[in-house]
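Treat the numbers as computed from the prediction; the structure is a model and nothing was measured. All values below come from the heavy atoms of this structure, side chains included, with hydrogens, waters and symmetry mates left out.
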Amino acid sequence: MNKLKKICRTSSVTVWDDEGLDDCCEICLVNEPITVGFDGHDIGSKEQTLCSNRISTCCSCMRNSYINPIKCHTCGETIKPFINADWGAILVHGYDGENKEVFKKDITQFEKVITSKVLPAMCMSSENVIICENKEQIDRAIATLFKNNIETVMFVYSGHNDDGGRGLQLGKDEFYPLNELSDKLNKLKKKKANFDKVIVFLDCCYPDKINLKDLKLIQINATAPTVEAKADTNTGSPFLQYVIQAFTATANGKGCNVPKCECSDILQDSFITLDTLWDYLNEHFKNGELKLDMPFMNADNISLQDTVLAYNCNFKVQFEFTILYPGKKETLSMRVLPSEFNTFDQLKSIGAAEVIKHVCDMISDNSSIITKVADTLSIEINTGPRSKHIQEVDTIEKLLLAWTSKRILRCTARPLYSINVGKPVGRLLKGVPEIRNAHQAALQKCAMKDQHLTDIKKYKDQIDKIQNADYLSILDMIIHQTKEEQLKGNRWEISFFDLPNSFTLVHLSLVKIGGI
């Protein structure tokens, strides 16, 4: 890279020529660039702000920059996304003696939305999003966020607010005045100059304004300061539910909960801003069938770029996988919506259920079997033209990167040679009722016990004498394709799990000697 830059400098050639790229992102070369009048340069360093030829990026590339950082070709600075690692959130659920779980459910759901990497509305770091239920936890959360140099704080409350002025009700006799929150944030602003903005959602009765000094404020309340808010004892607050729906409904492919509602027409741009969210909430208030109160807004000291609240996935997010399994000629297509899983293990369990259905011709609801099959599966992509050019996708971040890069995703059995500690392998075999007896007989002839199985070659020789072709083939491939360093210092764990239709899962894993 340095040599290329030197050539450009000595030959008076620009480092990057964006001629012909006016209408597309300079990263993906597919999507239209951000056209809101500002970009990540405006929230970065002075060098970024003064950049003479800013790199053009689209919303998708900016949203995914937490796993694929963007560096400007002109100023050389890494571009900050609008919603970034400097954002944090304090989420508080209030007290209700009879329906204590309702408010907690609202807050837990909100936390999942703003930290989700699958539905990337905000992509906040989980360590900077703190759920609280009492005053002590709120104070500790504030201290934690400012220790992490957070610049934008989101405060969300769902619960009761005392109409006598005592504040947010956190316990039977415990209240938290909003003035106390305001005082703490104002004091921290004096200590932390980079602390810049506060975003507030108050889902309660009689919500007051947060009184801040020298800080930017965006505050949206469920209702006016003199009005009692509505909440359902079973489904929770309609206010927070519609905020969450605004962030996720289109990407989830579900649309609005209200039949024939045209609210999705409001959310068409790359970002959800204060204006669009306000219009979205009011669209539902205007519908007389809904229980939503007229929301109330406060805003102080904000500029246009401060109004960006979330990324807008204005398209249906759906992951498509090709299911390939050894011994099956037919392939199967599997489509999974983001709403169907929160963790990578949950995604693999969905894949395992489809593999069992595909291979064993049955639908399994045995969670332990599904988990064991999922252990042996691999979500993977090709990285080159040869069969060995395979990369296993094992995190949500890698999945999103592969998906946004339009890579073909496969769900298949992990290659036998890829066995390692924490990466078991296995196969679904049909018609092997004697396999357990063969396994125990081989161990006895080797004078070994299950927990002391270290010599796989010696073990395989005994299986060979017993003659079990399918199992023998698995052991053969592992012995001939596995590298010595994979096996060094490890012992084998081999298990068998029965399924209907005469199928057995052979599950092989490596465990460090002395480990559990």
Considering residues, nucleotides and ligands other than Ile408, do more than 12 of their heavy atoms fall under 6.0 Å from its CD1? no
Evaluate Asp394 against Lys398 for salt bridge (charged side-chain N to carboxylate O under 4.0 Å, His left out), listing each step before the verdict. CA-CA 7 Å; Asp394 52 10; Lys398 289 181 182 178; 3.1 Å; yes
So, do Asn64 and Leu401 sit near enough that their side-chain heavy atoms are less than 4.5 Å apart? no
Within the supplied structure, the quantity of interest is the number of heavy atoms (other residues, nucleotides, ligands) at a distance under 6.0 Å from Glu262 CD; does it exceed 12? no
Quick one: closest heavy-atom pair of Leu377 and Gly351, and the distance? CD1-C, 3.9 Å
Ring-plane angle category for Phe201 and Phe239, please: parallel below 30°, perpendicular beyond 60°, tilted otherwise. tilted
Could you tabulate the donor-acceptor pairs under 3.5 Å formed by side-chain atoms of residues 325-333, not counting sequence neighbours?
from, atom 1, to, atom 2, distance (Å)
Tyr325, OH, Leu428, N, 3.1
Lys328, NZ, His358, O, 3.4
Ser333, OG, Glu320, OE2, 3.1

Leu416 versus Arg427, closest heavy-atom pair with distance: CG-NH2, 3.5 Å
Derivation and outcome, side-chain contact (heavy atoms from CB on, under 4.5 Å), residues Leu472 and Ile474: CA-CA 5 Å; Leu472 185 63; Ile474 292 173; over 6 Å; no
Other residues, nucleotides and ligands only: do more than 12 of their heavy atoms fall within 6.0 Å of NZ on Lys112? no
Among side-chain atoms of Arg410 and Asn382, is any donor-acceptor pair under 3.5 angstrom? yes
Does Trp492 reach the side chain of Ile419, with side-chain heavy atoms less than 4.5 Å apart? yes
Start with the C-alpha gap between Leu347 and Leu399, add the side-chain angles, then the distance that decides, and say whether side-chain contact (heavy atoms from CB on, under 4.5 Å) holds. CA-CA 10 Å; Leu347 171 64; Leu399 174 69; 3.7 Å; yes
Got a sec: does the CD of Glu340 have more than 12 other heavy atoms crowding it under 6.0 Å? yes
Contact check, side chains of Met124 and Val129, non-hydrogen atoms, under 4.5 Å: yes
Asp269 and Asn312 side chains, donor-acceptor separation under 3.5 Å: no
Kindly determine whether Leu240 and Phe110 satisfy side-chain contact (heavy atoms from CB on, under 4.5 Å), including the steps that lead there. CA-CA 8 Å; Leu240 272 188; Phe110 199 92; 4.0 Å; yes
Checking the side chain of Glu77 only, and the main-chain atoms of His73 only, is there a donor and an acceptor separated by less than 3.5 Å? no
Going by atom type alone, with no hydrogens or angles, which donor-acceptor pairs under 3.5 Å involve a side-chain atom of residues 495-504 and a protein atom two or more places apart or on another chain?
from, atom 1, to, atom 2, distance (Å)
Asp498, OD1, Arg436, NH1, 3.2
Asp498, OD1, Thr504, OG1, 3.2
Asp498, OD2, Arg436, NH1, 3.2
Asn501, ND2, Cys360, O, 2.8
Asn501, ND2, Asp361, O, 3.4

Distance check, rounded to the nearest 0.5 Å: Ile266 atom CD1 versus Leu277 atom CG? 10.0 Å
Show your reasoning for whether side-chain contact (heavy atoms from CB on, under 4.5 Å) applies to Ile396 and Thr343. CA-CA 7 Å; Ile396 292 291; Thr343 67; over 6 Å; no
If I compare all heavy atoms of Cys25 with all of Cys61, which pair ends up nearest, and what's the gap? SG-SG, 3.8 Å
Any donor-acceptor N/O pair, Asp455 side chain to Lys458 backbone, under 3.5 Å: yes
Nearest non-hydrogen partners of Ile479 and Lys460, listed with the distance: CD1-CB, 3.6 Å
Is the closest side-chain heavy-atom distance between Ile456 and Thr482 below 4.5 Å? no
Cut-off 3.5 Å, side chains only: do Thr276 and Thr273 have a donor facing an acceptor? yes
Spatial distance of atom CG (Asp265) from atom OH (Tyr280) [nearest 0.5 Å]: 11.0 Å
Supply the atom-to-atom distance Gln109 CD to Ser158 OG, rounded to the nearest 0.5 angstrom. 10.5 Å
Taken to the nearest 0.5 Å, the spacing of Phe103 CZ from Cys204 SG works out to 9.5 Å
Compare all side-chain heavy atoms of Gln245 with those of Cys256 and state whether any distance is below 4.5 angstrom. yes
Side chains of His93 and Tyr157: closer than 4.5 Å at any heavy-atom pair? no
All heavy atoms of Gln462 vs all of Cys446, minimum pair found to be CG-SG, 3.5 Å
Quick test of your reading: applying salt bridge (charged side-chain N to carboxylate O under 4.0 Å, His left out), list the pairs with at least one residue in residues 81-92, sequence neighbours left out, ordered by first then second residue. Lys80-Asp86
Hey, does the side chain of Thr115 reach the backbone of Glu111 with a donor-acceptor pair shorter than 3.5 angstrom? yes
Determine the minimum heavy-atom distance between Ile272 and Ala246, stating which atoms define it. CD1-O, 3.3 Å
Applying ring-ring contact (aromatic ring centres under 6.0 Å, His included) to His439 and Tyr471, what does each step give before you reach the verdict? CA-CA 10 Å; His439 171 68; Tyr471 187 38; 7.2 Å; no
Just by distance, do the side chain of Thr376 and the backbone of Val373 share a donor-acceptor pair under 3.5 Å? yes
Find the distance between CD1 (Ile150) and CE (Met154) and round it off to the nearest 0.5 Å. 12.0 Å
May I ask you to decide whether Glu392 forms a salt bridge with Arg414, counting only side-chain N to carboxylate O separations under 4.0 Å? yes
Using atom types as modelled and distance alone, determine if a side-chain donor or acceptor of Glu283 lies under 3.5 Å from a backbone N or O of Cys263. no
Min side-chain heavy-atom separation Ile323-Val355 under 4.5 Å: yes
A quick test of your reading: do over 12 heavy atoms of other residues, nucleotides or ligands sit less than 6.0 Å from NZ of Lys357? no
Indicate yes or no: at least one non-hydrogen side-chain atom of Ser418 is less than 4.5 angstrom from one of Lys423. no
To the nearest 0.5 Å, how far apart are CG in Leu508 and CG in Leu510? 8.5 Å
